[in-house]
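Letters A, B, ... are given to chains in the order of the sequence lines, protein chains preceding strands, and every chain is numbered from 1. Just so it is clear, the model here is predicted, and its values are computed rather than measured.
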2 protein chains.
Amino acid sequence: MIEVNLDISIKKNGFQLLNPLKIMLLKEINKSGSLRIAARQLSISYQHMWISIEEINRYADHPVVVKQRGGSGGGGAVLSDYGKRLINEFTLIENEVEKFVKRMNTEINL
Amino acid sequence: MIEVNLDISIKKNGFQLLNPLKIMLLKEINKSGSLRIAARQLSISYQHMWISIEEINRYADHPVVVKQRGGSGGGGAVLSDYGKRLINEFTLIENEVEKFVKRMNTEINL
């Protein structure tokens, strides 16, 4: 079966700010309130998680993940309102792209 | 400036058959009639070109690049009618995706 595939990313001034993997990180942080737990859930290293989040926070127009120091387990992390908006917008885009790809795949002639 | 980016590929049974780079190879072969000249034009190694073309030919439903043995310069390579159709269809898809992305980028709210 031959089909069109579209990989979504959000760029800011040419730099890749978001892609499906990064959105998955944000969703998991939103769920767990902790970088460490989110990293464990997604089977990635804490370092990978930390670097990805630093990168998103640095390049985004507003803070996305807000780290909270102290407490048991070394402090939590919550999504800002802007971070939640990024997830929502990305999900809307994914839905639009999915519909578009379905239409393309009925028209493709290969 | 924040914008949606969509990377196009064509998959066959989950395997990536075509992407913009592979289409560029096919276009250059179509222009030059030679894998070696096409590789030189695109500043890639002959081996990279050869492996890419073997892969496309192996996975596509019909031969895409037809190699011709002998002659000076070690034989030429031409695109089959199916190969030309792949380029045309991919170009149509690129045009549709470009229009779609423009529309998405007027609607995005980030």
Side-chain angles (χ1 to χ4, degrees), chain A residues 1-23 25-27 30 55-65 79-110, chain B residues 1-23 25-27 30 55-65 79-110:
Chain A
M1 187 184 160
I2 287 187
E3 50 189 359
V4 177
N5 178 70
L6 296 177
D7 290 321
I8 307 169
S9 58
I10 305 283
K11 292 193 172 181
K12 186 186 168 189
N13 302 331
F15 170 82
Q16 194 189 81
L17 182 65
L18 293 172
N19 61 23
L21 178 64
K22 287 176 181 167
I23 288 292
L25 303 186
L26 296 184
K27 281 182 178 171
N30 196 34
E55 209 176 66
I56 294 170
N57 269 348
R58 190 164 56 243
Y59 284 101
D61 285 339
H62 309 283
V64 175
V65 176
L79 252 60
S80 66
D81 287 346
Y82 184 66
K84 288 173 189 166
R85 189 138 73 85
L86 290 180
I87 292 179
N88 289 340
E89 278 291 317
F90 200 89
T91 307
L92 289 173
I93 291 165
E94 279 179 326
N95 292 343
E96 287 297 307
V97 168
E98 196 183 331
K99 278 187 274 178
F100 175 74
V101 165
K102 269 192 186 151
R103 184 165 68 72
M104 292 283 284
N105 279 323
T106 59
E107 291 172 2
I108 195 174
N109 179 28
L110 289 174
Chain B
M1 186 183 160
I2 287 188
E3 50 188 1
V4 177
N5 178 70
L6 296 177
D7 291 320
I8 307 168
S9 57
I10 305 284
K11 292 194 173 182
K12 187 188 169 188
N13 302 330
F15 171 82
Q16 194 190 82
L17 182 65
L18 293 172
N19 61 23
L21 178 64
K22 287 177 180 167
I23 288 292
L25 303 186
L26 296 183
K27 280 181 179 172
N30 196 33
E55 209 175 65
I56 295 169
N57 270 348
R58 190 163 55 243
Y59 284 101
D61 285 339
H62 309 284
V64 175
V65 175
L79 252 61
S80 67
D81 286 346
Y82 184 66
K84 289 173 189 166
R85 189 138 72 85
L86 289 181
I87 292 179
N88 289 341
E89 279 291 318
F90 201 88
T91 306
L92 289 174
I93 291 165
E94 280 179 326
N95 293 343
E96 287 297 307
V97 169
E98 195 182 332
K99 277 187 275 177
F100 176 73
V101 166
K102 268 192 187 152
R103 184 166 66 73
M104 293 283 284
N105 279 323
T106 60
E107 291 172 3
I108 196 174
N109 179 26
L110 289 174

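- Ranked by heavy-atom pairs shorter than 4.5 Å toward chain B, the options Asn19(A), Asn88(A), Val97(A), Leu18(A) are led by Val97(A).
- Contact annotation for Met104(A): only side-chain heavy atoms (C-beta onward) come within less than 4.5 Å of a heavy atom of chain B.
- In this structure the side chain of Ile2(A) never reaches within 4.5 angstrom of the side chain of Asn13(B), judged on heavy atoms.
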Go through the steps to decide whether Asp7(A) and Leu6(B) satisfy the test side-chain contact (heavy atoms from CB on, under 4.5 Å), and finish with yes or no. CA-CA 5 Å; Asp7(A) 290 321; Leu6(B) 296 177; over 6 Å; no

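- Contacts of Tyr82(A) with chain B are made by side-chain atoms alone, with heavy-atom separations under 4.5 Å and no backbone atom involved.
- Heavy-atom distances place no part of Leu92(B) under 4.5 Å from chain A, backbone and side chain included.
- Each of Asp61(B), Leu86(B), Leu17(B) has some count of heavy-atom pairs under 4.5 Å with chain A, and the biggest count is that of Leu86(B).
- Of the residues considered (Glu107(A), Glu96(A), Gln16(A)), Glu96(A) shows the highest number of contacts with chain B, using heavy-atom pairs under 4.5 Å.
- Side-chain atoms of Asn5(A) never come within 3.5 Å of backbone atoms of Ile10(B) as a donor-acceptor pair (strictly under, hydrogens ignored).
- Within the model, atoms NZ of Lys11(B) and CE of Met1(A) stand 12.0 Å from one another, a figure rounded to the nearest 0.5 Å.
- In this structure, the separation between CG on Leu110(A) and CZ on Phe90(B) is 10.0 Å, given to the nearest 0.5 Å.
- Proximity to chain B involves both the backbone and the side chain of Glu3(A), based on heavy atoms less than 4.5 angstrom apart.
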